[in-house]
Amino acid sequence: MSAPRLNEYDSYATKRGAPRGDAPLVSIVTVALNAARTLERTIASVQAQSFASLEHVVVDGGSTDGTLDIIRRMARPQDYWISEKDRGISDAFNKGVALTHGRHILILNADDWLSPDQIAQSVGALNRSGADFVFGDLIFYEGDRPLFRYGGDPGYARVIRRRWPSVGHPTLLASRSCFEQIGLFDPAYRNAMDYDWLLRLHCAGRRGVHCPDVTGHMTHDGVSNLQFARTIEEVRRIVVAHGRNPFVAALEAGFRRVKTSIAQPVKRRGEPLYRLMRQAINPSYRPVRVPK
């Protein structure tokens, strides 16, 4: 299976139709399924942006928990939403991209949220740099408690062919032409579809830039060992598909599994020790100190 092209989702673009008046500069896509607990915060963060020329496209997968009530209540005239079953998160992302009118696109999950000036900072960075996409830093939370800041890696291009670099998708604003050139998200991947898309974009010669003034917010709840293991395996498959030596890729994946299996018990037994260890190993990781 290969990643679908944008024109394979033309029926969604046709369904929505052309923009009324001037098209927005930025489109934000959110996919949701039974996300009533967090979606209102996500939508509110979009509507609080200081950047005016933007729309919000929400793709719901058939929620039954009140999600649709939130969408109906909060959607503005320039926004658009649908609710229907999908074939997985990649399919939902792809529908959302096809429904957009903007020149630049950002994918924002239903439990993540934006900083008030995030889109303005991102558009400014794109204009200054001439890059194809821009990304920033992510703050991770458990509930309402900030845990750590994960800094974006300005040198992502040096490592992207062997591992998933620190390029957080809730901060990544990409030109629409990127999707037009390389296609959409590959439904073969359930966890690492955005890494696969980013690596394909890199291989196509497109360039990104890190902007430290861009800060996104992402929940860290419910990330299980099973999900970590699945992501590691998908990353292995992706790098091999793009030319990495299978033996080397298997060794790297094994190392990541061991590191994760050690880290989780350490985190359960003593979070301060876990934070010190992780900060020593990964320079992108910066604990957030909350005043008492």
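Just so it is clear, the model here is predicted, and its values are computed rather than measured.
By the 6.0 Å contact criterion, CZ on Arg207 is enclosed, its count of non-hydrogen atoms from other residues, nucleotides or ligands being greater than 12. Counting heavy-atom neighbours within 6.0 Å of Asn7 CG, excluding the residue itself, gives a total above 12. Heavy-atom contacts from other residues, nucleotides or ligands closer than 6.0 Å to CZ of Arg76 number more than 12.
A donor-acceptor pair is defined here as one N or O able to donate and one able to accept, closer than 3.5 Å; such a pair exists between the side chain of Glu234 and the backbone of Asn191. A side-chain donor-acceptor contact under 3.5 Å links Asp60 to the backbone of Ser63. Under a 3.5 Å cut-off, the side chain of Gln47 and the backbone N or O of Met74 do form a donor-acceptor pair. Judged by distance alone, with hydrogens and angles left aside, the side-chain atoms of Ser115 form no donor-acceptor pair with the main-chain N or O of Gly216 at under 3.5 Å. The backbone N or O of Val57 lies less than 3.5 Å from no partner atom in the side chain of Asp79, so there is not a single donor-acceptor pair. Gln49 places a side-chain N or O within 3.5 Å of a backbone atom of Ser45 that can act as its donor or acceptor partner. A donor-acceptor pair under 3.5 Å is formed between the side chain of Arg200 and the backbone N or O of Leu184. Checking side-chain atoms of Ser175 against main-chain N and O of Ser177 turns up a donor-acceptor pair under 3.5 Å. Asn94 contributes a side-chain N or O that, together with a main-chain N or O of Phe185, makes up a donor-acceptor pair within less than 3.5 Å.
Note: His169 NE2 to Asp194 CG = 5.0 Å, rounded to the nearest 0.5 Å. The structure places OG1 of Thr30 at 10.0 Å from CG of Asp111, a figure rounded to the nearest 0.5 Å.
Looking at residues two or more places apart in sequence or on another chain, you find a side chain to side chain contact (heavy atoms under 4.5 Å, CB included) between Arg163 and Val159, Arg256. Judged as a side chain to side chain contact (heavy atoms under 4.5 Å, CB included), and not counting sequence neighbours, the contacts of Ala92 are Val31, Val59, Asp86. Residues satisfying the side chain to side chain contact (heavy atoms under 4.5 Å, CB included) test with Arg72, not counting sequence neighbours, are Leu68, Asp69, Trp81. For Ala13, the side chain to side chain contact (heavy atoms under 4.5 Å, CB included) criterion is met by no residue, not counting sequence neighbours.
The salt bridge (Lys or Arg N to Asp or Glu O under 4.0 Å) analysis of residues 11-33, with sequence neighbours excluded, yields the pairs Arg16-Glu55. For the salt bridge (Lys or Arg N to Asp or Glu O under 4.0 Å) condition, no pair includes a residue of residues 118-130, sequence neighbours left out. Under the ring-ring contact (aromatic ring centres under 6.0 Å, His included) criterion, no residue pair touches residues 25-75, with sequence neighbours excluded. Counting only residues at least two apart or in different chains, side chain to side chain donor-acceptor pair (under 3.5 Å) contacts with residues 238-249 comprise Arg244-Glu252.
Considering all non-hydrogen atoms of both residues, Thr67 and Ala36 come closest at OG1-N, 3.1 Å. Considering every non-hydrogen atom in both Ala204 and Ile182, the closest pair reads CB-CG2, 3.6 Å. Contact record, Pro246 with Val240: CA-CG2, 3.9 Å, taken as the closest heavy-atom pair. Closest non-hydrogen pair, Ser50 versus Asp117, comes out as OG-OD1, 2.7 Å. Residues Ser53 and Ala23 come closest through the heavy atom pair OG-O, 4.3 Å. Between Ala3 and Asp186, the shortest heavy-atom distance links the atoms N-OD2, 3.7 Å.
Ion pairing between Arg236 and Glu233 holds under the 4.0 Å rule for side-chain N and carboxylate O. Glu8 and Arg5 are not joined by a salt bridge, as no carboxylate oxygen comes within less than 4.0 angstrom of a charged side-chain nitrogen.
Clustering ILVMFWY residues whenever any of their side-chain heavy atoms sit less than 4.5 angstrom apart, transitively, puts Ile71 in a cluster other than the one holding Tyr80. Clustering ILVMFWY residues whenever any of their side-chain heavy atoms sit less than 4.5 angstrom apart, transitively, puts Leu6 in the very cluster that holds Phe133. Hydrophobic clustering (side-chain heavy atoms under 4.5 Å, transitive across Ile, Leu, Val, Met, Phe, Trp, Tyr) keeps Ile43 apart from Ile28. Residue Leu173 is not grouped with residue Trp197 when hydrophobic side chains (ILVMFWY) are merged at heavy-atom distances under 4.5 angstrom, including chains of intermediate members. Follow the hydrophobic side-chain contacts under 4.5 Å out from Ile232 and you never reach Ile89; the two are in separate clusters.
Taking Ile, Leu, Val, Met, Phe, Trp and Tyr as hydrophobic and joining them when side-chain heavy atoms fall under 4.5 Å apart, one finds Leu33 isolated, its cluster having no other members. Cluster partners of Phe247, using a side-chain heavy-atom cutoff of under 4.5 Å among ILVMFWY residues and allowing indirect links, are Leu251. In the hydrophobic clustering, Val214 connects to no other residue, as no ILVMFWY side-chain heavy atoms lie under 4.5 Å from its own.
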Just do the side chain to side chain contact (heavy atoms under 4.5 Å, CB included) check on Val29 and Leu108 with the steps written out, would you?
CA-CA 6 Å; Val29 174; Leu108 182 69; over 6 Å; no

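Between His202 and Arg161 there is a side-chain heavy-atom pair separated by less than 4.5 Å. Residues Pro146 and Phe140 have side chains not in contact (no heavy-atom distance under 4.5 Å, counting atoms from C-beta outward). Put simply, the side chain of His210 reaches to within 4.5 Å of the side chain of Asp137, judged on heavy atoms. Between Trp113 and Thr219, the closest side-chain pair of non-hydrogen atoms falls below 4.5 Å. Leu54 places none of its side-chain heavy atoms less than 4.5 Å from the side chain of Ser27. Residues Val26 and Val123 are in side-chain contact: their nearest non-hydrogen atoms beyond the backbone lie under 4.5 Å apart. Looking at Ser83 and Val58, their side chains never come closer than 4.5 Å, going by heavy atoms from C-beta outward. For the pair Tyr141 and Met218, the minimum side-chain heavy-atom distance is 4.5 Å or more.
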What pairs of donor and acceptor atoms, side-chain ones from residues 99-107 against any protein atom, are under 3.5 angstrom apart with sequence neighbours left out?
unit_1 : atom_1 : unit_2 : atom_2 : d
Thr100 : OG1    : Val97  : O      : 2.7
Thr100 : OG1    : Arg176 : NH1    : 2.7
His101 : NE2    : Gly17  : O      : 2.8

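Between Phe135 and Tyr156, the two ring planes are perpendicular [angle over 60°; tilted spans 30° to 60°]. Ring geometry, Tyr12 versus Tyr9: the interplanar angle falls from 30° to 60°, so the pair is classed tilted.
Screening Val167, Ile160, Thr231 for a side chain to side chain contact (heavy atoms under 4.5 Å, CB included) involving Tyr195 leaves a single residue, Ile160. Thr215 pairs with exactly one of Gln118, Arg149, Gln121 by the side-chain hydrogen bond (donor to acceptor under 3.5 Å, both in side chains) rule, that one being Arg149.
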